[in-house]
Amino acid sequence: MIKKYTCGTPINTEAVIKTFQSEGLGSFPFEHTLTEDKFSFTFTMEPDDIVYGLGEAPRGINKRGWVYESYCSDDPFHTETKSSLYAAHNFILLAGGKNIGVFVDFPARVRWDIGYTRQDTCVVTLDGTDFDIYVITGEKPLDIIREFRAAIGKSYVPPKWAFGYQQSRWSYHNAEAVDSVIENYDKAGIPLDCVYLDIDYMDSYKDFTINDAAFPDFASYVEGKREQGIHLIPIIDAGVKKEDGYGVYEEGKAKGYFCKKADGSNFEAGVWPGVCAFPDFLDPEVRRWFGEKYKTLTDMGIDGFWNDMNEPALFYSVDGIEKALDKAAALKGENLDLSRFFNLKDTFMGLSNSQEDYSSIYHNIGGEQVNHQRVHNLYGANMTKAAGEYFEREFGKGKILMFSRASYIGAHRSSGIWFGDNHSWWSHILLNLKMLPSANMCGFLYCGADLGGFNENATRDLVLRFLALGVFTPLMRNHSALGTRDQEGYRFERPEDFRDVIQVRYRLIPYLYDTFVKASETDGMIFRPLSLDYPDDPVARECETQLMLGDECMIAPVYEQNASGRTVYLPEDMTFVKLSGERVEKQELKKGLHYVKVALNEVPLFIKKGKKIPLCKPAMRTRDLKWEEARG
Ligand code: MIG
């Protein structure tokens with residue numbers, strides 16, 4: 001059962017699509033405090049209770065013992081002491097003595113102290129007093145999740161080819177670079193469906209333009225790749241370059257479509273293109289306008305996009321850098337003591353993504369000027385909705401691949417997400433794994449991390465182990481940052497090991513696709529923590545390195561350097577299957593702890609008794625898969 005509690009006049013986030021009757025705070029079931037500018041509520045947790053949720057967020061599947069913040073953040077260091085990542089997914093589920101779900105539908109900052117200040121207490125604090133909170137009760141945790149998901153609407157389903165293997169890098173600078181990726185993958189016999197175009201495909205980083213020198217006759221180039229069975233996926237950034245004569249900027253400016261400052265002038269900040277203006281995605285008219293801009297690229301045959309920098313990420317604001325430069329100029333010739341030096345340094349270090357800048361932005365919501373901080377967590381979600389709404393109008397559902405960096409619940413209906421700038425760290429294999437069920441609870445089914453890791457240099461074994469987890473994630477994309485070691489599968493010795501792992505993905509695509517569609521249609525989860533399926537099993541309850549997948553199986557990737565296998569816990573008797581290329585090795589294992597060996601070119605999978613997984617023959621492209629061949 002879902003009960004909705006309303007306070008003040010909440011901004012309509014469009015997260016919930018079912019209608020519920022609002023109740024006042026009088027009957028709100030948690031202890032709470034309402035001040036002039038904050039609302040907080042508290043509940044206690046029994047020692048054995050588990051708190052799930054928060055979607056894309058740091059730390060474990062069980063969120064207890066840390067403090068999180070819903071505040072979409074462009075932060076490329078996903079260490080365990082962080083509180084926020086790029087998304088704001090305000091759903092938590094307390095499971096144990098009591099089962100209760102809470103969705104805080106409020107697009108400003110929310111702080112979740114889940115046993116950080118006091119181990120047995122959860123305190124949720126909203127930076128504002130206009131909100132809806134949905135409290136969901138049900139017999140089992142999975143019932144609560146399903147009911148919540150039914151309220152927020154069906155998850156986005158991408159085209160089938162989006163389940164193929166995808167290769168990205170910042171950047172494949174020109175057509176030759178892209179061609180060489182495809183050729184090398186083909187030569188190594190490694191399947192591939194998509195190649196990504198990072199910011200350098202654009203002319204001076206201007207959205208919806210092409211660098212013609214790098215990609216001459218882009219439309220026929222795209223068509224040629226498509227004949228080879230390859231989809232090119234360009235990036236779109238939130239900021240629009242301020243440049244006279246650039247159509248998107250000129251139009252946006254003339255129509256007043258950009259975010260403003262208090263004085264009514266456009267808010268301007270530097271991102272990749274230099275000084276940019278920022279479309280006011282909170283305004284439906286602007287969404288419609290910006291969404292239609294994607295047509296420039298779909299007209300050229302593009303059918304997939306990734307939306308970036310939409311927290312929004314700001315390197316500096318024009319006002320901020322001016323102040324900083326004045327400060328520096330005033331100090332010229334001075335003898336800088338420590339405090340003045342550090343103050344100056346902090347001024348420059350603090351230019352990016354500054355709170356002061358976010359506070360200076362205004363949106364037009366139904367004719368009212370609304371400060372950005374009140375709606376911060378909707379900005380990227382609404383950029384993505386702008387495109388999603390256009391795609392659906394123009395092409396119908398499920399034709400265009402799209403995923404976003406920033407997101408809020410509700411965007412799961414039009415798009416997927418990726419987990420942003422992770423590192424080529426062993427620990428990030430597990431971070432990736434832990435976010436999967438949490439994202440699923442919040443409606444985001446099409447998701448994945450940068451396989452092999454984005455920042456810093458990857459190693460061959462790390463990429464292989466990362467990919468062996470990625471075989472199961474709906475988005476299976478290898479991506480890495482500018483200046484880091486090349487990590488395409490063919491770059492390392494024995495590329496056939498990469499072929500073996502990626503072919504397993506293609507063998508599983510019919511199964512993974514069906515599992516995905518079923519989860520979307522039934523408001524279910526593709527990935528579940530073991531604790532949800534085996535709540536009475538004390539070992540399963542604490543397992544954070546394995547996941548249940550669909551109704552049939554369990555995954556347990558190897559996540560440690562130099563390990564030739566791992567310890568795995570079987571909550572019931574299962575068949576241990578090692579998949580490698582077309583090879584399948586099976587072993588029956590009993591419930592309990594086992595050490596299993598897994599070579600670098602093998603993908604481990606555990607199948608429940610009486611269940612079957614269909615496999616088809618691998619192919620170089622998803623379009624060449626014989627789906628009907630898939631048999632148990
Ligand atoms: O400031 O476009 O998360 O995937 O390669 C970095 C360059 C901007 C951040 C994205 C990343 C992408 C990169 N972008």
Side-chain angles (χ1 to χ4, degrees), residues 5 7-8 25 28-73 75 77-137 141 144 148 353 355 358-359 373-374 376-377 408-409 427 430-431 434-435 437-439 441-442 529 531 541-542 544:
Y5 302 90
C7 181
L25 288 177
F28 191 63
F30 304 108
E31 209 181 295
H32 56 277
T33 326
L34 179 67
T35 66
E36 209 168 281
D37 57 356
K38 279 196 180 12
F39 176 73
S40 73
F41 64 93
T42 301
F43 57 85
T44 48
M45 301 174 288
E46 298 300 320
D48 284 341
D49 286 349
I50 297 178
V51 178
Y52 299 101
L54 298 185
E56 182 190 299
R59 295 241 172 178
I61 295 173
N62 185 349
K63 305 313 280 187
R64 285 186 73 158
W66 191 240
V67 60
Y68 308 84
E69 271 192 348
S70 296
Y71 193 83
C72 298
S73 302
D75 181 341
F77 288 95
H78 308 169
T79 52
E80 60 184 61
T81 45
K82 292 296 166 70
S83 290
S84 314
L85 293 174
Y86 308 86
H89 300 158
N90 296 346
F91 172 72
I92 57 167
L93 170 60
L94 173 75
K98 261 192 293 236
N99 294 320
I100 191 156
V102 181
F103 173 49
V104 176
D105 193 7
F106 174 72
R109 190 188 301 268
V110 182
R111 187 172 188 273
W112 311 80
D113 177 341
I114 309 181
Y116 174 72
T117 303
R118 263 192 70 103
Q119 285 204 315
D120 66 349
T121 309
C122 179
V123 187
V124 182
T125 308
L126 286 64
D127 260 11
T129 58
D130 298 302
F131 57 84
D132 291 312
I133 294 181
Y134 297 82
V135 177
I136 309 135
T137 46
I144 293 174
F148 171 59
N353 305 323
Q355 286 304 310
Y358 287 134
S359 301
Q373 294 285 20
R374 289 186 60 200
H376 174 78
N377 291 334
Y408 186 85
I409 290 173
S427 62
L430 281 188
L431 181 63
K434 289 171 191 183
M435 282 198 267
S438 311
M441 284 176 204
C442 298
S531 47
R541 281 175 59 80
E542 294 187 358
E544 297 235 357

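- A side chain to side chain contact (heavy atoms under 4.5 Å, CB included) with Asn90 is found for exactly one of Asp105, Val124, Val104, namely Val104.
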**Prompt:** Can Leu430 and Glu544 be said to form a side-chain contact (heavy atoms from CB on, under 4.5 Å), step by step?
**Reply:** CA-CA 8 Å; Leu430 281 188; Glu544 297 235 357; over 6 Å; no
**Request:** Tell me, with the steps shown, if Ile136 and Val102 meet side-chain contact (heavy atoms from CB on, under 4.5 Å).
**Result:** CA-CA 6 Å; Ile136 309 135; Val102 181; over 6 Å; no
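- Residues passing the ring-ring contact (aromatic ring centres under 6.0 Å, His included) test with His376, sequence neighbours excluded: Tyr71, Tyr358, His372.
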**Request:** Take Ile133 and Phe30 through the side-chain contact (heavy atoms from CB on, under 4.5 Å) test and state the conclusion after the steps.
**Result:** CA-CA 11 Å; Ile133 294 181; Phe30 304 108; 5.9 Å; no
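- A donor and an acceptor atom, one from each side chain of Ser70 and Tyr408, are nowhere located under 3.5 Å apart.
- Residues Gln373 and Ser359 bring a donor and an acceptor atom of their side chains to less than 3.5 Å of each other.
- Checked against a 6.0 Å centroid threshold, the rings of Tyr134 and Phe148 do not count as neighbours.
- Phe131 and Phe106 have perpendicular rings, their planes meeting at more than 60° on a 0 to 90° scale where under 30° would count as parallel.
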**Check against ring-ring contact (aromatic ring centres under 6.0 Å, His included), Phe91 and Phe103** = CA-CA 4 Å; Phe91 172 72; Phe103 173 49; 7.4 Å; no
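- Side chain of Arg64 to main chain of Asp49: a donor-acceptor pair is present (N/O by atom type, distance under 3.5 Å, no hydrogens or angles).
- The closest side-chain donor-acceptor pair between His78 and Tyr86 falls under 3.5 angstrom.
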**Request:** Would you check, one step at a time, whether the test side-chain contact (heavy atoms from CB on, under 4.5 Å) holds for Phe43 with Leu94?
**Result:** CA-CA 10 Å; Phe43 57 85; Leu94 173 75; 4.0 Å; yes
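- For Arg109, the salt bridge (Lys or Arg N to Asp or Glu O under 4.0 Å) partners are Glu69, Asp127, not counting sequence neighbours.
- Between Phe41 and Tyr5, the ring centre distance reaches or exceeds 6.0 Å.
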